[in-house]
Amino acid sequence: MRLSRYFLPVLKENPAEAQIVSHRLMLRAGMIKQSSAGIYSWLPLGYKVLKNIEKIVHEEQVKAGHIPMLMPTLQSADLWRESGRYDDYGQEMLRIKDRHDRDMLYGPTNEELITDIFRSHVNSYKDLPLTLYHIQWKFRDEVRPRFGVMRGREFLMKDGYNFDLTKENALHAYNRHLVTYLRTYERMGLQAIPMRADGGPIGGDYTHEFLVLAETGESEVFYDSEITDLKFGSRDIDFDSVEECQAVLEEFTSRYARTDETHDEAVFNEVPEERRRTARGIEVGQIFYFGTKYSEAMNATVVDNEGNKVPVHMGSHGIGVSRLLGAIIEASHDENGIIWPEGVTPFHCGIVNLKQGDAEADAACDALYKSLTALGLEPLYDDRNERAGGKFATMDLIGLPWRITVGPRGLKNGVVELTSRRTGESEELPPEQAVEKIAQIYASL
RNA sequence: CGGGGCGUAGCGCAGCCUGGUAGCGCGACGGUUUUGGGUACCGUAGGUCGUAGGUUCGAAUCCUAUCGCCCCGACCA
């Protein structure tokens, strides 16, 4: 993409409404525009990152055998009356009447809908196990939306639901989700720590929240410092293997790690003092096993191998897709702007032409652009007639992890400059080597 | 929902107390200049001061109502 033809409304000054760094940077980098309290338009750059995150979530779910689908945002109140949550949910639920005066609602979550779909079409234990998920917009009418997309009223969320014959099978699904979530967050350049959580209104004894450590996090967290040394890495997991998934669960959840909701000072004090950490965290996902709570209320049953009608064991699992943008920025930025991890960056690299209009520089940039594109990479070429300082400032602000700087001075020696946004380190290379190096970096992800 | 604050040009703000021709910086646009980290100068455009009502000869300014937004707290898959 040529910047002169793109839509990237960057702001030089900080908008008054934004207090925390991710919100400020998203507004300044032209990623979002507030439409009303807690509701945002996603401008092209923000939309690109949102789609990249969504893609990673999909890929990891599909790898584990979970099946994508899509349920509507607007739901009938009837199903919610059946589960008993129409009255329980309170004012957070946006209630709407249609022209026939029927009660509708903008879904804050989808347990009711998915359970209804399940019971309509699944009757036998032979159809289990089954895990369905979707990535869809949700609406929760928060009393006080804040922190930009981190606590909006409208937000994009992946929510998945597993249906199993037995508790054991459902717990395997739980573990499988834990594994997929660890991989998902790592691919986005995040360390998200599974912490024992509170069941909340959904209930359930088995639940973990995934927390990204950040000063601006809403939850206070307590953990054993050994846990931050754990990496999932590129290990291969057989998702059908109960033992393998269970082993991952044990590896990642056996050390102390809890939010303030479940924190137990006495247990915490058993951790050696030098390893005890207190910090703040951003919740970016949660997994639940809640047994037969919804299946019983909504009559979602299967016939087992002895001919008995039994309620299915269920769990639900969520990832806050839109919230992740804020979380990633909170975890990865500096005073000049965002620093995107390679896994989610909106463009693979930037090309800065220091002297627009100089025939040699223009030609070198065009050539770089072509070679990168030919390799399947997407560069953002700043071809505006701006001064170098302005171009650098824009690139730093929008946070592309790699930048190729092209100017007449370097071209005289046959080199361009390749700069890492994260470290700020530069090296001078012939253009084709710079392209190759970037290609290698992305190929190794 | 309790407490606090703010709505004046695209963005950031001053002016309001003490009523009298609506300002500044950045940005945009045109030009000159400059060109390796937000260059300098000249010029231009852009606001019925959130909205409605009231007081007044006269309201951005005072009064009332209302809408919106932000912050702290409570709340929160």
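A note on names: the letters A, B, ... follow the listed sequences, proteins ahead of strands, and every chain is numbered from 1. Quick caveat, the model's predicted, so the values are computed rather than measured.
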Just checking [X]: base, sugar-phosphate only, or nothing, at a heavy-atom cut-off of under 4.0 Å?
{"X": "A:Glu417", "value": "base"}
{"X": "A:Gly90", "value": "nothing"}
{"X": "A:Thr405", "value": "base"}
{"X": "A:Gly390", "value": "base"}
{"X": "A:Arg403", "value": "base"}

Is any NZ, NE, NH1 or NH2 atom of the basic residue among [X] and [Y] found under 4.0 Å from an Asp or Glu carboxylate oxygen of the other?
{"X": "A:Glu378", "Y": "A:Lys48", "result": "yes"}
{"X": "A:Arg85", "Y": "A:Glu92", "result": "no"}
{"X": "A:Arg183", "Y": "A:Glu186", "result": "no"}

Can you tell me the distance, in whole Å, between the [atom1] atom of [X] and the [atom2] atom of [N]?
{"X": "A:Glu218", "N": "B:G73", "atom1": "CD", "atom2": "P", "result": "10 Å"}
{"X": "A:Asp362", "N": "B:U35", "atom1": "CG", "atom2": "P", "result": "17 Å"}
{"X": "A:Glu360", "N": "B:U35", "atom1": "CD", "atom2": "C1'", "result": "16 Å"}
{"X": "A:Asp88", "N": "B:C75", "atom1": "CG", "atom2": "C1'", "result": "16 Å"}
{"X": "A:Glu220", "N": "B:G73", "atom1": "CD", "atom2": "P", "result": "13 Å"}
{"X": "A:Glu386", "N": "B:A40", "atom1": "CD", "atom2": "C1'", "result": "15 Å"}
{"X": "A:Lys355", "N": "B:G37", "atom1": "NZ", "atom2": "P", "result": "14 Å"}
{"X": "A:Tyr89", "N": "B:C75", "atom1": "OH", "atom2": "P", "result": "17 Å"}

Taking the side chain of [X] as heavy atoms from C-beta outward, which of [options] is closest to it?
{"X": "A:Leu354", "options": "B:G38, B:C69, B:G36", "answer": "B:G36"}
{"X": "A:Ala388", "options": "B:A74, B:G37, B:C70", "answer": "B:G37"}
{"X": "A:Val143", "options": "B:C69, B:C72, B:C1", "answer": "B:C1"}
{"X": "A:Arg144", "options": "B:C70, B:G27, B:G73", "answer": "B:G73"}
{"X": "A:Asp396", "options": "B:A74, B:C70, B:G37", "answer": "B:G37"}

Between A:Tyr161 and A:Asn385, name the one whose nearest nucleotide on RNA chain B is closer to the 5' end.
->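 Of the two residues, A:Asn385 wins.
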
Considering heavy-atom distances to RNA chain B, does A:Lys391 or A:His317 have its closest nucleotide positioned more toward the 5' end?
->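 Its nucleotide being nearer the 5' end, the pick is A:Lys391.
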
When both hydrogen-bonding distances must be under 3.5 Å and the geometry is Watson-Crick or G-U wobble, what is [N] paired with, if anything?
{"N": "B:A52", "answer": "B:U64"}
{"N": "B:C41", "answer": "B:G31"}
{"N": "B:G23", "answer": "B:C13"}
{"N": "B:G58", "answer": "none"}
{"N": "B:C69", "answer": "B:G5"}

Gap in Å between the two [atom1] atoms, one belonging to [N] and one to [M], rounded:
{"N": "B:U48", "M": "B:G10", "atom1": "P", "answer": "9 Å"}
{"N": "B:G73", "M": "B:C57", "atom1": "C1'", "answer": "49 Å"}
{"N": "B:G54", "M": "B:C13", "atom1": "C1'", "answer": "30 Å"}
{"N": "B:C16", "M": "B:C26", "atom1": "P", "answer": "23 Å"}
{"N": "B:C49", "M": "B:C24", "atom1": "C1'", "answer": "15 Å"}
{"N": "B:G20", "M": "B:A59", "atom1": "C1'", "answer": "10 Å"}
{"N": "B:C72", "M": "B:G31", "atom1": "P", "answer": "47 Å"}
{"N": "B:A65", "M": "B:G5", "atom1": "P", "answer": "16 Å"}

Hey, does the side chain of A:Gln91 come within less than 4.0 Å of B:C1's phosphate (OP1/OP2), counting only N and O?
->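 So the side chain of A:Gln91 is outside the cut-off, no N or O lying under 4.0 Å from OP1 or OP2 of B:C1.
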
Consider only side-chain N and O atoms of A:Tyr289 and A:His313, and report whether a donor and an acceptor are under 3.5 Å apart.
->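 Short answer, yes.
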
Tell me whether the centres of the aromatic rings in A:Phe222 and A:His263 are closer together than 6.0 Å.
->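 Ring centroids of A:Phe222 and A:His263 are less than 6.0 Å from each other.
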
Could you tell me if the ring centre of A:Trp137 sits under 6.0 Å from that of A:Phe155?
->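 They do not qualify: ring centres at least 6.0 Å apart.
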
For the residue pair A:Tyr6 and A:Phe347, does the interplanar ring angle fall in the parallel (under 30°), tilted (30 to 60°) or perpendicular (over 60°) class?
->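 Geometry flag for A:Phe347 against A:Tyr6: perpendicular rings.
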
Check the pair A:Arg187, A:Glu60 against salt bridge (Lys or Arg N to Asp or Glu O under 4.0 Å), reporting the backbone distance first and the verdict last.
-> CA-CA 10 Å; A:Arg187 281 187 62 187; A:Glu60 292 304 324; 2.9 Å; yes

Name of the residue among A:Phe239, A:Tyr133, A:Tyr161 meeting side chain to side chain contact (heavy atoms under 4.5 Å, CB included) with A:His66 =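 Checked A:Phe239, A:Tyr133, A:Tyr161 against A:His66; only one passes side chain to side chain contact (heavy atoms under 4.5 Å, CB included): A:Tyr133.
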
Under-3.5 Å N/O pairs linking protein and nucleotides 11-16 of chain B:
residue: B:C11; atom: O2; partner: A:Glu13; partner atom: OE1; Å: 3.2
residue: B:G12; atom: OP1; partner: A:Ala16; partner atom: N; Å: 2.9

NZ of A:Lys63: more than 12 outside heavy atoms within 6.0 angstrom?
->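 For A:Lys63, atom NZ is crowded (more than 12 foreign heavy atoms under 6.0 Å).
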
